[in-house]
Amino acid sequence: MTDCLFCKIRDGEIPADRVYENDDVVAFRDVNPQAPTHVLIVPKRHIATINDLEPADAALMGEMQLAAKSIAANEGIDEDGYRLVVNCNSRAGQTVFHIHMHLLGGRAMTWPPG
Ligand code: 5GP
Ligand code: ZN
C-alpha cells in the first residue's frame, strides 16, 4: 500500500519510536499518547480493518497479542494491568486504515470506554 502511514513507518520512511519488532509485527509509541504507555502494535502486512481479516490471518492476530504481552512486561505494566484496543471503522474512531492494536497502560482505566 503506497499511501499508508503505518506502511511508511514499517518501511522506515517515517520515523517512529520502535519498541518491538519481529518478522510479522512492528510496534512503536503513539505520537499522541493517551496514557503513560501508549504503543501501537501493527502487522507488517497491510490489512485495512478488522473487517478485512481472513481465517488465514488468525496466527498473525495471535502474534499481535503475544507482542502486547512482551511489550507490557518490558514497560513494567504487566502486573498492574493494561488495556488493548482495536478500533474498527469510523464510529469506533479508526483514523489509520492499517490494522493496529493500542496498548495503553501506566494509569487506571475507566469502563465503559468513551
Ligand atoms: P486509530 O484512531 O486509527 O485507532 O489510531 C491511530 C493512532 O495513530 C492514533 O492514536 C494517533 O495518535 C496515532 N498516530 C497518527 N499519526 C501517527 C504518526 O505519524 N506516528 C505515530 N507514532 N502515531 C501516529
Ligand atoms: Zn499500511
Side-chain angles (χ1 to χ4, degrees):
M1 184 85 181
T2 51
D3 199 27
C4 169
L5 176 64
F6 289 171
C7 284
K8 289 178 179 169
I9 288 177
R10 173 200 65 203
D11 294 340
E13 294 173 23
I14 292 175
D17 185 2
R18 293 181 185 226
V19 298
Y20 181 95
E21 184 164 8
N22 67 20
D23 286 347
D24 302 314
V25 170
V26 62
F28 46 87
R29 295 192 193 281
D30 197 293
V31 77
N32 182 24
Q34 302 301 310
T37 292
H38 188 172
V39 171
L40 302 173
I41 300 162
V42 178
K44 287 189 172 177
R45 183 158 54 85
H46 182 92
I47 305 170
T49 81
I50 291 288
N51 288 341
D52 299 301
L53 288 173
E54 306 280 355
D57 299 321
L60 181 59
M61 296 299 102
E63 284 284 345
M64 291 171 67
Q65 308 245 9
L66 290 169
K69 169 190 165 180
S70 177
I71 296 161
N74 289 344
E75 295 283 318
I77 58 172
D78 50 337
E79 293 301 327
D80 282 347
Y82 54 93
R83 183 168 291 175
L84 302 175
V85 175
V86 182
N87 296 321
C88 182
N89 277 340
S90 61
R91 207 168 189 184
Q94 185 174 6
T95 58
V96 178
F97 287 85
H98 179 142
I99 287 177
H100 50 282
M101 178 181 286
H102 298 256
L103 188 165
L104 297 147
R107 65 168 172 82
M109 301 286 160
T110 58
W111 194 263

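Only this structure's heavy atoms are used, side chains among them; waters, hydrogens and symmetry mates stay out. Atoms within a ligand are numbered from 1 in the order they appear, just like the ligands themselves.
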ask   = How far apart are the closest heavy atoms of K44 and H98, and which atoms are they?
value = O-CE1, 4.1 Å
Contact summary for D30 and N32, nearest pair of heavy atoms = OD1-N, 2.8 Å
query = Just distances here: any N/O of I14 and N/O of ligand 1 closer than 3.5 Å?
reply = no
inquiry  = Please list the nearest protein heavy atom to atom 16 (N) of ligand 1 with its residue and the distance rounded to 0.1 Å.
reply    = L5 CD2, 3.3 Å
ask   = Which bit of T95 gets closer than 4.0 Å to ligand 1, counting heavy atoms only: side chain, backbone, both or neither?
value = both
message = Check for me, please, whether I71 and L66 land in the same ILVMFWY cluster - side-chain distances under 4.5 Å, paths through other members count.
response = no
key: Contact atoms of ligand 1, heavy-atom distance to F28 under 4.0 Å   = 22 (N)
V85 and ligand 1 - part of the residue with a heavy-atom distance under 4.0 Å = neither
query = Would you say Q34 contacts ligand 1, with heavy atoms under 4.0 Å as the rule?
reply = no
note = Counting from 1 in the order shown, the ligand 1 atoms closer than 4.0 Å to a non-hydrogen atom of H100 are 1 (P), 3 (O), 4 (O), 5 (O), 6 (C)
ask   = CD1 of I99 to CG of N51: how many Å apart, nearest 0.5 Å?
value = 9.0 Å
remark   = Nearest heavy-atom contact between T49 and F97 is CG2-CD2, 3.8 Å
request  = May I ask whether M61 and Y82 are part of the same hydrophobic cluster, defined by side-chain heavy atoms of I, L, V, M, F, W, Y residues being less than 4.5 angstrom apart, directly or through others?
outcome  = yes
inquiry  = Heavy-atom distances under 4.0 Å decide this one: backbone, side chain, both or neither, for R29 against ligand 1?
reply    = backbone
remark   = For the Zn ion (ligand 2), angle spanned by H46 ND1 and C4 SG (nearest 10°) is 110°
ask   = Out of D17, L40, I14, which residue meets the side-chain contact (heavy atoms from CB on, under 4.5 Å) rule with F28?
value = L40
query = Looking at ligand 1, does any of its N/O atoms fall within less than 3.5 Å of an N/O of V96?
reply = yes
note = Going by the 4.0 angstrom heavy-atom rule, the piece of F97 near ligand 1 is neither
query = Taking only residues two or more places apart in sequence, or in another chain, which ones meet T37 in a side chain to side chain contact (heavy atoms under 4.5 Å, CB included)?
reply = V39, E75, I77, L103
query = Does an N or O anywhere in H102 fall below 3.5 Å from an N or O of ligand 1?
reply = yes
note = the protein heavy atom lying closest to atom 23 (N) of ligand 1 turns out to be V31 N, 3.3 Å
inquiry  = With heavy-atom distances below 4.0 Å as the criterion, list the atoms of ligand 1 near F6.
reply    = 8 (O)
remark   = Scanning both residues in full, the closest heavy-atom pair of A35 with G105 reads CB-O, 3.5 Å
message = Tell me whether V26 shares a hydrophobic cluster with Y20, the cluster being built from Ile, Leu, Val, Met, Phe, Trp, Tyr side chains joined at under 4.5 Å.
response = no
message = Test of understanding: given a 4.0 Å heavy-atom threshold, classify the contact between L40 and ligand 1 as side chain, backbone, both, or neither.
response = side chain
message = Could you identify the single nearest non-hydrogen protein atom to atom 13 (C) of ligand 1 and state the distance to 0.1 Å?
response = D30 OD2, 3.3 Å
G93: numbered ligand 1 atoms lying under 4.0 Å from its heavy atoms = 1 (P), 2 (O)
ask   = Should H38 be counted as touching ligand 1, given the test is an N or O pair under 3.5 Å?
value = no
task = Give the numbers and elements of all ligand 1 atoms closer than 4.0 Å to a heavy atom of N32.
result = 12 (O)
task = State the atoms of ligand 1, each with its element, that fall below the 4.0 Å cut-off from a heavy-atom position in N87.
result = 4 (O)
inquiry  = What I want to find out is whether R45 reaches D24 closely enough, with some N-O distance under 4.0 Å, to be called a salt bridge.
reply    = no
inquiry  = If you count every heavy atom of other residues, nucleotides or ligands that lies below 6.0 Å from E13 atom CD, does the total exceed 12?
reply    = yes
note = When rounded to the nearest 0.5 Å, the distance separating CD of E63 from CG of N22 is 5.0 Å
query = What N/O/S atom of H98 is the closest to the Zn ion (ligand 2)?
reply = ND1
